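Residue numbers begin at 1 in each chain, while the letters A, B, ... track the order of the sequences. Predicted model, so just to flag it, every value in this text is computed and none were measured. Side chains included, hydrogens not; waters and symmetry mates left out as well; all remaining heavy atoms used.
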Amino acid sequence: MTQVLINAPKTAKKGEVIELKALILHVMETGFRPGTSGRIIPRNIIERFTASWNGAEIFRMDFSPAISANPFVSFFAVASESGKISFRWTGDEGFAVEESVAIDVA
Amino acid sequence: MAQAGADKRRSGYQDMGAALQKMQDDDTANPGMLFVQLGQQLWAKPAGGNNKACGDCHSIGDMKGVAARYPAMSKDGDKPIDLEGRIRLCRTANQQAEPLAPESREVLSLAAFVANQSRGLPIAPPADPRLAPFREQGEAIYRRRQGQLNLSCAICHDDNAGKKLAGVTIPQAHPTGYPLYRLEWQVLGSLKRRLRNCLIGIRAEAYPYDAVAYVALEIYLMDRARGMVFESPGVRP
C-alpha cells in the first residue's frame, strides 16, 4: 500500500506556468543509523523522481540520504497540451511507484 | 483554529509559523494525510477470524465526532480507553484478528482516518461520571513535580506557555491535533508519544506503554481543551 498525494491543476491555459506538487510515504532510511540491535539499518531511500507529460520527461530529481522521510517535491511546468502527467519514484529495495493525473489544456 | 472571544487558550497551531500552518491546511501537503489515506484502505480491509473489515460494521460517517470525545470508558467499564486502544480492542475482540502493536503504523493510520472525520468539530469529552476519578488522576499528574529537573507539566504549559524553551515557543499543551505529524519525528505519532517525549525531557521515567496514567492525562488534557477545534491530522515542528 503505497501512499501518494498529488496536487496539480485539472485545467490550464496553453502556455500557462503551473505548479505541480507531489508527496509520497517513504521512510528514507539513511543507512547510517544503528537499530535497536546495534547493527546499521540498511539504506532504503528513493533514488530518483521523474515527472513526464504525455510520456516526455519534464522534471527529474536525484534524492540523497539527507532528504527527510515522506519527501515533498514541488516544481513548475509550462502547460503545453492536454493529457496525462505521470510521476514516478524509484529507489532501494526495488521501490517503484507511478501515479498519474489528467490535465485539460485549452 | 483561533478560539472565540475572551478564550485565551491557543492551539499549538496558532504558535507555529505561517508556512507550517499552510502545510497543515493543505490536504495534499500535510504528510498526516498520507496516513489518513492508508487508514482508509485498512478500514476497508477484512481481517481476522470473522473476516470482517472495520467498514463492514461501522459506517465511516458514524465516526464523525468520535475522536473529539475520546478517551471514554471501555465497554466493560472498569478503565478508560483512548481511541487507539479502542481500535486495538475492536481488532482482537470483534474482528478476532491478531492484535495490532501499540503505536504501530496500522493503529495510528486507522486512528488518523477516524480522527480526521472529526476535523473542525469542538472537542467534547463525555459527561460520564466514571471518568471523573481518572480526570482527577490526570490533573494530579499534570500538576505533580517529577523527574530530575523536578518540573510538572503545569510549570511549562500553564505558567510559562508562550515563552521560549531554547528556540521553541512553549505551547499550552492542548491536544487538538492527534494523531499528528511532527516534522521532528518524520512520522505520524500519538499523544502518548508526545507525553513520553515530555517525560523524558524533564528526565522522568516514562510510564510503560499501557499505563493508565497516559489515558488519565489524556482525559484531563482533552477536558482542559473542551470546546477547542479538533484538527487532526495536525502538523507540528
Side-chain angles (χ1 to χ4, degrees), chain A residues 1-12 18-36 41 43-46 49 51 59 61 63-77 85-87 89 91-93 95 97-103, chain B residues 17 19-47 53-55 100-113 116 119 179-189 193 196 200 206 209 233-237:
Chain A
M1 286 195 220
T2 309
Q3 306 305 322
V4 175
L5 291 171
I6 289 174
N7 187 350
K10 288 193 169 54
T11 57
I18 57 167
E19 187 176 11
L20 301 168
K21 299 183 238 182
L23 177 64
I24 188 167
L25 188 73
H26 196 286
V27 292
M28 293 296 284
E29 186 58 57
T30 61
F32 299 114
R33 299 192 311 153
T36 42
I41 306 170
R43 194 187 88 160
N44 177 16
I45 66 166
I46 296 169
F49 169 74
F59 182 86
M61 176 180 172
F63 281 41
S64 67
I67 289 175
S68 79
N70 312 318
F72 177 74
V73 181
S74 160
F75 59 97
F76 294 87
I85 313 173
S86 306
F87 303 83
W89 294 260
D92 294 334
E93 299 179 11
F95 187 81
V97 171
E98 189 164 319
E99 189 75 30
S100 32
V101 291
I103 184 162
Chain B
L20 279 183
Q21 292 183 347
K22 224 176 154 184
M23 188 193 242
Q24 174 173 324
D25 293 341
D26 179 352
D27 279 351
T28 56
N30 180 340
M33 291 308 289
L34 293 167
F35 296 88
V36 171
Q37 206 180 57
L38 180 61
Q40 183 171 16
Q41 291 164 15
L42 292 169
W43 181 267
K45 192 177 152 195
C54 310
L100 293 172
E103 302 186 57
S104 58
R105 175 182 273 190
E106 286 80 11
V107 171
L108 288 171
S109 299
L110 281 166
F113 179 53
N116 190 235
R119 186 151 68 164
L180 58 70
Y181 192 92
R182 274 195 83 199
L183 300 185
E184 186 189 314
W185 294 337
Q186 301 200 10
V187 74
L188 195 77
R193 181 168 181 186
R196 276 203 310 276
I200 293 163
Y209 266 111
V235 172
R236 296 291 183 271

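In terms of heavy atoms, B:Asn30 sits closest to A:Leu5 at O-CD1, 4.1 Å. What you find for A:Gln3 and B:Leu38 is that their closest heavy atoms are NE2-CD1, 3.4 Å.
Rounding to the nearest 0.5 Å places OG1 of B:Thr28 at 3.5 Å from CG of A:Asn7. Note that the CG atom of A:Leu23 and the CD atom of B:Gln37 stand 9.5 Å from one another [nearest 0.5 Å].
Looking at residues two or more places apart in sequence or on another chain, you find no ring pair (Phe, Tyr, Trp, His ring centres under 6.0 Å) involving B:Tyr181.
Listed by first then second residue, pairs satisfying salt bridge (charged side-chain N to carboxylate O under 4.0 Å, His left out) with a partner in residues 179-189 of chain B read B:Arg182-B:Glu184, not counting sequence neighbours.
For chain A, the nearby part of B:Asp27 is the backbone; its heavy atoms alone come within less than 4.5 Å.
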